[in-house]
*Asks:* 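Here it is: the structure, laid out below.
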Amino acid sequence: MTLLVTGGAGFIGSNFVLDWLADAAAEPIVNLDALTYAGNRQNLAALEGDARHVFVHGDIGDRALLDRLLAEHRPRAVLHFAAESHVDRSIHGPGAFIKTNVEGTFTLLEAMRAYWSALEGDARAAWRFLHISTDEVYGSLASDAPAFTETHPYQPNSPYSASKAASDHLVRAWKHTYGLPVLTTNCSNNYGPFQFPEKLIPLMIVNALAGKPLPVYGDGMQVRDWLFVGDHCSAIRAVLAQGRCGEVYNIGGWNEQPNRDIVHTVCALLDELRPDPAGPYARLISHVKDRPGHDRRYAIDARKIERELGWRPAESFETGIRKTVQWYLSHADWVAAVQSGSYRDWVATNYAARG
Ligand code: NAD
Ligand code: DAU
């Protein structure tokens, strides 16, 4: 028995692969990743020499490669993490998001349909395609509106969320039309080890440590629900093990906070763990021009996964954010390595015009 993971060198995918293989009795993983700017083999360094982890450098849009991998490894499930994942990049260059998130997911689904259709008996009945998606597909909530349930209408507002919504619709249609056994999860904002410092929390940590401005978009009162990445991984394991075929599960941490509070919490932890002689890190906070089309609020109603699968987050925000800041402080080499020339180009592209 083998799992095929796509995008397992990225932030959530690598956390999932490491968590899964931490169990000595776990099934092996074939990890297919294109190693875009967001994919990093260093995230998986702890698995060097572990025969249960087979890394394949390749694209989910490469049908011939997918067919070869399926024939060789005969996975009993696919966990589809691979995506272009950053909203700001989708605003600057939406093409890559359509290519990977829409066309790539389509190619993957077609390869899986051909493979699954040829299975028989128990192998066919037990086979699963687990699609990892986002709460952003539901759009933005008014401040007093109830949190997103699984039946909330799709109203994506950014090229990223529109491309993920399209992929969710493809996955749904492949179940409805062809019977492909799929599961979909829609999760809120993750944070934790190995997150690329283009996203809010790691960006604030690395900028603060470098004495650079901490760029808060607009008034900083946009609300997100924040979940520690290890809790997202445990939810995915629960859905894979016991999720009802064809169902959608929302995953969240019951932890809504405005960005401004998140940034102040990061600053306070750094003040405690790595005090700056120049003064409190919050002095570096700088309000900059807002993200175009910026969604004001996301909130996840996670009662379905809690009720049906008994899943609950293990970390509170206080414990999770402390672990995260400590991780970045103790992995200076990783942080330095990811701040390559292309990272610096992205920072210049995204922040230069924000003033
Ligand atoms: P990430 O950007 O850190 O990693 C994406 C990975 O996919 C990278 O390793 C990259 O190399 C790989 N990849 C990209 N295009 C590929 C292609 N064409 N073929 C093969 N591999 C490719 O993303 P993440 O934050 O780890 O997110 C993983 C998944 O979870 C995404 O589908 C995202 O939409 C979803 N998600 C993310 C969050 C979050 O807060 N980060 C929350 C909910 C859902
Ligand atoms: O909700 C789930 C989604 O969360 C995932 O699907 C996405 O892949 C993931 O990137 C994340 O999207 P966000 O746009 O919410 O994450 P990001 O870290 O980019 O931004 C979080 C909030 O912080 C958002 O309101 C924008 C704001 N922000 C972000 C950056 C990078 C700032 O104020 N300043 C910044 O420099």
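Order of listing sets the numbers, starting from 1, for every ligand and every atom in it.
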*Asks:* Checking contacts here: is it the side chain or the backbone of L203 that comes within 4.0 Å of ligand 2, counting heavy atoms only? Could be both or neither.
*Replies:* side chain
*Asks:* N/O of Q195 under 3.5 Å from N/O of ligand 1, yes or no?
*Replies:* no
*Asks:* Atom 16 (O) of ligand 2: which of N189, L200, I300 has the nearest heavy atom?
*Replies:*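 Heavy atom nearest to atom 16 (O) of ligand 2 belongs to N189.
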*Asks:* Please identify which atoms of ligand 1 are closer than 4.0 Å to at least one heavy atom of L35.
*Replies:* 11 (O)
*Asks:* Evaluating non-hydrogen atoms only, which member of Y217, W226, F11, Y191 is closest to atom 33 (O) of ligand 2?
*Replies:*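 It is Y217 whose heavy atom sits nearest to atom 33 (O) of ligand 2.
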*Asks:* Using a plain distance cutoff, I'd like to know if D59 has any nitrogen or oxygen under 3.5 Å from a nitrogen or oxygen of ligand 1.
*Replies:* yes
*Asks:* Numbering the atoms of ligand 2 from 1, which are under 4.0 Å from a heavy atom of V216?
*Replies:* 33 (O)
*Asks:* Considering R354, M204, R224, R291 one by one, which has a heavy atom nearer to atom 20 (O) of ligand 2 than any of the others?
*Replies:* R291
*Asks:* Are any of the N/O atoms in F81 less than 3.5 Å from those in ligand 1?
*Replies:* yes
*Asks:* Are any of the N or O atoms of E84 closer than 3.5 Å to those of ligand 1?
*Replies:* no
*Asks:* May I ask you to list the atoms of ligand 2 that are less than 4.0 angstrom from any heavy atom of H86?
*Replies:* 19 (O)
*Asks:* How does S161 reach ligand 2, if at all, at less than 4.0 Å between non-hydrogen atoms: by side chain, backbone, both, or neither?
*Replies:*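 Neither part.
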*Asks:* Side chain, backbone, both or neither: which applies to Y160 and ligand 1 if a contact is any heavy-atom pair less than 4.0 Å apart?
*Replies:*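 Near ligand 1, Y160 shows its side chain, while the N, CA, C and O stay back.
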*Asks:* Using the ring of each side chain (for Trp, its six-membered ring), is W127 parallel, tilted or perpendicular to F129, with breaks at 30° and 60°?
*Replies:*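 Because their plane-to-plane angle lies in the 30° to 60° range, the rings of W127 and F129 count as tilted.
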*Asks:* Nearest protein heavy-atom contact for atom 40 (O) of ligand 1: which residue, which atom, what distance?
*Replies:* N190 N, 2.9 Å
*Asks:* Name the closest protein heavy atom to atom 9 (C) of ligand 2, giving the residue it belongs to and the distance to 0.1 Å.
*Replies:*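 Here the closest protein heavy atom is S85 O, 3.9 Å.
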*Asks:* With heavy atoms of G58 as the reference, note each atom of ligand 1 found under 4.0 Å away.
*Replies:*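 What qualifies from ligand 1 is 19 (N), 20 (C).
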*Asks:* Distance to 0.1 Å, residue and atom name: give those for the protein heavy atom nearest to atom 1 (P) of ligand 1.
*Replies:* S85 OG, 3.5 Å
*Asks:* Under a 4.0 Å heavy-atom limit, does K199 contact ligand 2 with its side chain, its backbone, both, or neither?
*Replies:*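 K199 to ligand 2: contacts from backbone and side chain alike.
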*Asks:* Can you list the atoms of ligand 2 that are under 4.0 Å from a heavy atom of V87?
*Replies:* 14 (O)
*Asks:* For ligand 1, indicate whether the residue S188 contacts it via side chain, backbone, both or neither (heavy-atom separation under 4.0 Å).
*Replies:*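 Near ligand 1, S188 shows its backbone, while the atoms from C-beta on stay back.
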*Asks:* At what distance is the nearest protein heavy atom to atom 20 (C) of ligand 1, and which residue and atom is it?
*Replies:*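 Here the nearest protein heavy atom works out to A34 N, 3.3 Å.
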*Asks:* Does the side chain of D168 come under 3.5 Å of the side chain of Y154 through a donor N or O and an acceptor N or O?
*Replies:*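 Short answer, yes.
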*Asks:* Heavy-atom count check: over 12 atoms from other residues, nucleotides or ligands less than 6.0 Å from R172 CZ?
*Replies:*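 Open.
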*Asks:* Inspect the surroundings of NE2 in H92 and state if more than 12 heavy atoms from other residues, nucleotides or ligands are less than 6.0 Å away.
*Replies:*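 Enclosed.
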*Asks:* Assess G8 for proximity to ligand 1: is some non-hydrogen atom of it under 4.0 Å away?
*Replies:* no
*Asks:* If we set the cut-off at 4.0 Å for heavy atoms, which region of E198 has an atom near ligand 2: side chain, backbone, both, or neither?
*Replies:*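 Backbone only.
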*Asks:* Would you say NZ of K212 has more than 12 non-hydrogen atoms from neighbouring residues, nucleotides or ligands within 6.0 angstrom?
*Replies:*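 No, the 6.0 Å shell around NZ holds no more than 12 heavy atoms from other groups.
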*Asks:* Any nitrogen or oxygen of T134, main chain or side chain, under 3.5 Å from a nitrogen or oxygen of ligand 1?
*Replies:* no
*Asks:* What protein heavy atom sits nearest atom 5 (C) of ligand 1, and how far away is it?
*Replies:* A83 O, 3.4 Å
*Asks:* Look at the aromatic rings of F194 and W334 and report parallel, tilted or perpendicular, splitting at 30° and 60°.
*Replies:*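 Perpendicular.
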*Asks:* Do me a favour and list the nearest non-hydrogen protein atom to atom 3 (C) of ligand 2 with residue, atom name and distance?
*Replies:*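 Protein heavy atom with the smallest distance to atom 3 (C) of ligand 2: E136 OE2, 3.0 Å.
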*Asks:* Please work out which of the three classes, parallel, tilted or perpendicular, describes the rings of Y343 and F196, given edges at 30° and 60°.
*Replies:*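 The arrangement is perpendicular - the two ring planes meet at more than 60°.
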*Asks:* Give the contacting part of H86 toward ligand 1: side chain, backbone, both or neither, where contact means a heavy-atom distance below 4.0 Å.
*Replies:* neither
*Asks:* Using a heavy-atom cut-off of under 4.0 Å, does the side chain or the backbone of I132 touch ligand 1, or both, or neither?
*Replies:* both
*Asks:* As an exercise, identify every atom of ligand 1 less than 4.0 angstrom from a heavy atom of S133.
*Replies:* 43 (C), 44 (C)
*Asks:* Hey, which atoms in ligand 2 end up nearer than 4.0 Å to a heavy atom of H294?
*Replies:* 24 (C), 25 (O), 26 (C)
*Asks:* Using a 4.0 Å cut-off to any heavy atom of T134, which atoms of ligand 2 qualify?
*Replies:*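 Numbered from 1, ligand 2 contributes 1 (O), 2 (C), 3 (C), 5 (C), 6 (O).
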*Asks:* Is there side-chain contact between I236 and F81, with heavy atoms separated by less than 4.5 Å?
*Replies:* yes
*Asks:* Pairs of nitrogen or oxygen atoms closer than 3.5 Å, one from F11 and one from ligand 1: do any exist?
*Replies:*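 Right, the criterion is met.
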*Asks:* Could you tell me which atoms of ligand 1, counted from 1 in the order shown, lie closer than 4.0 angstrom to a heavy atom of N189?
*Replies:* 40 (O)
*Asks:* Heavy-atom contact check, 4.0 Å cutoff: does A9 meet ligand 1?
*Replies:*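 In this structure, A9 qualifies as a contact of ligand 1 - some heavy atom is under 4.0 Å.
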*Asks:* Under 3.5 Å, is there a donor-acceptor pair linking the side chains of H131 and T184?
*Replies:* no
*Asks:* Tell me if the aromatic rings of W311 and Y249 count as close, with their centers under 6.0 Å from one another.
*Replies:*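 For W311 and Y249, the ring centres are not under 6.0 Å apart.
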*Asks:* For D135, counting its heavy atoms only, list the atoms of ligand 2 lying under 4.0 Å from any of them.
*Replies:* 1 (O), 2 (C)
*Asks:* Can K164 be said to touch ligand 2, with heavy atoms closer than 4.0 Å?
*Replies:* no
*Asks:* Does ligand 1 come near enough to H232 that some N or O of the ligand is less than 3.5 Å from an N or O of the residue?
*Replies:* no
*Asks:* Show me which atoms of ligand 2 lie under 4.0 Å from any heavy atom of Y160.
*Replies:*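 Those of ligand 2 that fall under 4.0 Å from Y160 are 5 (C), 6 (O), 7 (C), 8 (O).
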*Asks:* Below the 3.5 angstrom mark, is there an N/O of T100, backbone or side chain, next to an N/O of ligand 1?
*Replies:*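 It does: an N or O of T100 is found under 3.5 Å from an N or O of ligand 1.
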*Asks:* Do G61 and ligand 1 have an N or O pair less than 3.5 Å apart?
*Replies:*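 No, since none of the N or O atoms of G61 sits under 3.5 Å from an N or O of ligand 1.
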*Asks:* Pairs of nitrogen or oxygen atoms closer than 3.5 Å, one from N40 and one from ligand 1: do any exist?
*Replies:*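 In fact, backbone or side chain, N40 has no N or O that close.
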